[in-house]
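One structure is given below, encoded as structure tokens.
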Amino acid sequence: MINQKLLEWFDQNKRNLPWRHGRNPYRVWISEIMLQQTQVKTVIPYFNKWMEKYPNLESLKNAKYDDIIKIWEGLGYYSRCKNIYSAVQKITTSFPKTYEELVSLPGIGDYTAKTILAIAYNNQAVGIDTNLERIGYRQLGLKAKSKRNQQRVINFLEKNQSKDRPGDYNEALMDLGSSLCKAYTTFCKQCPIKSSCKAFKSSSPTKYPTPKISKKLPTYDIAVSVIKFDNRVLISKRENTKFLSGLWEFPGGKIEKNESAEIAIIRELKEETNLNIKTPTYLGSIKHQYSHFGVNIALFISYPKSISNLSIKQDYKWIQIDDIDKYALPKANHKMLDILRKLD
DNA sequence: AACCCGTGGTT
DNA sequence: TAACCAAGGGT
């Protein structure tokens, strides 16, 4: 059993993290959602801001989504935020306590359900995230990521679960994976469970498991314009979209083949807003990487003579540029604001 | 089952 | 620096 040495190491080396204080199911839940595919260092300030404004389920139940997404702004994977919001509406009485209830909530899958069970309720569950998975593959000396090997890892990690401290067992493995048994680097000499580790016995532990090959991401050319009228700018809200849902942005769209950026932005603004822009002014370009594609954005500023024929399907607003920080924007739009500010 | 879903960090 | 990783889930 590896759990005894693991827990001894944890008692000496555990990280001091905000969600490890004042522990309750609500705080564990919010932290786990924020931490999905997101580094601890990134999450900490977001978690603290969130708890300052929404310290419990009740306060969240009474909140407006526009205020919630503003807290989430910049954290990415915005459907997580929407899932929290709709989960809150589904929780009518107390916070769910069983696996079935937990996974039935939007945004909670197998990992998150089991981790909440172990950490918040001290159940004998093992939530296997990328840290635990990597440690399992290394302990067992497995390289190929296959269904069979995955099951071996699950069996190994569950077999070693601690009877007394199941939550600490989960967190000990996470801390070990993030400090000593990292993806690119290992510090095997300090590892409390190296004696049972087959990857340690090999010459190169970081080769376990074999890294996955990701496919190349496409890049798209985009044209975007700040539209200024009467000392205000136009922003519109992305709603009911899978991508950047609930966030505000400046209008624009893809540059078609054989089309200049200037022609594209005139066409896009006509299609989106029905405004006729005669002479958009080019301000600069922005590169940005999303999770599954990259963009090169040509940024313009436009001054319509009239907005009497304005027509937009989405929610939109004319705002003072100084009020922009009241709205949640994607990172790419913040890069645009940086260019705008440099003009002044 | 493969793809979609953000952003920042690491080698 | 391009590729890959980070407390995954939804479809």
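So you know, we letter chains A, B, ... as the sequences are listed, proteins then strands, and number each from 1. Just so it is clear, the model here is predicted, and its values are computed rather than measured. Side-chain atoms are counted along with the backbone in the values below, which use heavy atoms only and exclude waters and symmetry mates.
Within 4.0 Å (heavy atoms only), A/G177 reaches no atom of the nucleic acid at all. Across all strands, A/L132 comes closer than 4.0 Å to no nucleic acid atom at all (heavy-atom distances). Note on A/K212: only backbone sugar-phosphate atoms sit closer than 4.0 angstrom, heavy atoms only; bases stay farther off. Looking at heavy-atom distances under 4.0 Å, A/R20 makes contact with a base. Among the heavy atoms of the strands lying under 4.0 Å from A/W19 is at least one base atom, whether or not backbone atoms are also near.
Side-chain atoms of A/Y184 stay outside donor-acceptor range of the base of C/dC5, with no qualifying N/O pair under 3.5 Å.
Ion pairing between A/R20 and A/D175 holds under the 4.0 Å rule for side-chain N and carboxylate O. We find that A/D11 and A/R165 are joined by a salt bridge, their nearest charged nitrogen and carboxylate oxygen being less than 4.0 Å apart.
With a 6.0 Å radius and a threshold of 12 heavy atoms from other residues, nucleotides or ligands, A/K5 has its NZ atom at or below the threshold.
B/dG9 and C/dG9 have their C1' atoms separated by 22 Å, given to the nearest Å. Taking the C1' atoms as reference points, C/dT1 lies 16 Å from B/dG8, given to the whole Å. Nucleotides C/dC4 and B/dG6 are separated by 16 Å at their C1' atoms, to the nearest Å. To the nearest whole angstrom, the two C1' atoms, one in B/dA1 and one in C/dG8, are 16 Å apart.
A close approach under 4.0 Å does not occur between any side-chain nitrogen or oxygen of A/R15 and OP1 or OP2 of C/dA7. Regarding contacts with the backbone of C/dA6, a side-chain N or O of A/T130 is found under 4.0 angstrom from either OP1 or OP2. Under 4.0 angstrom from either OP1 or OP2 of B/dG8 there lies at least one side-chain N or O belonging to A/K331. A/T38 has no side-chain polar atom (N or O) that falls below the 4.0 Å cut-off from OP1 or OP2 of C/dG8. Phosphate contact (OP1/OP2 of C/dC4, side-chain N/O of A/S214, threshold under 4.0 Å): present. Using a 4.0 Å cut-off, no side-chain N or O of A/Q39 falls inside it from OP1 or OP2 of C/dA6. Residue A/H288 places at least one side-chain N or O under 4.0 Å from the OP1 or OP2 atom of B/dT7.
Annotation: of the two residues near DNA chain B, A/Y77 and A/T185, the 5′-most nearest-nucleotide partner is A/Y77. Nearer the 5' end of DNA chain B, as judged by each residue's closest nucleotide, is the contact made by A/A332, out of A/K41 and A/A332.
Judged by the 6.0 Å and 45° rule, A/K228 forms no cation-pi pair with A/Y303.
A distance below 6.0 Å separates the ring centres of A/Y85 and A/Y65. For an aromatic pair to be called close, the ring centres must be under 6.0 Å apart, and A/Y46 with A/W72 fails this.
When the nucleotides B/dG6, C/dA7, C/dA3 are ranked by their closest atom to the side chain of A/R80, B/dG6 comes out on top. Taking the side chain of A/T112 as heavy atoms from C-beta on, and the options C/dA7, C/dA6, C/dG8, the nearest nucleotide is C/dG8.
Regarding A/Q150, its CD atom lies at a distance of 12 Å from the P atom of B/dA1, rounded to whole Å. One can place OH of A/Y290 at 21 Å from C1' of C/dC4, the figure rounded to the nearest angstrom. Atom NZ in A/K207 sits roughly 15 Å away from atom P in C/dC4 (whole-Å rounding). Put simply, OH on A/Y46 is 7 Å from P on B/dG8, counting in whole angstrom units. Atom CD1 in A/I44 sits roughly 14 Å away from atom C1' in B/dG9 (whole-Å rounding).
Between A/Y290 and A/F293, the ring planes are tilted. Angles from 30° to 60° get that label.
Under the 4.5 Å side-chain heavy-atom criterion for ILVMFWY residues, a single connected hydrophobic cluster contains both A/V103 and A/I30.
With A/Y78 contributing its side chain and A/G74 its backbone, the two residues share a donor-acceptor pair below 3.5 Å.
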*Reading DNA chain B 5' to 3', what string of ( ), [ ], | and . shows its pairs, if Watson-Crick and G-U wobble pairs count only when both distances fall under 3.5 Å?*
.||||.|||||
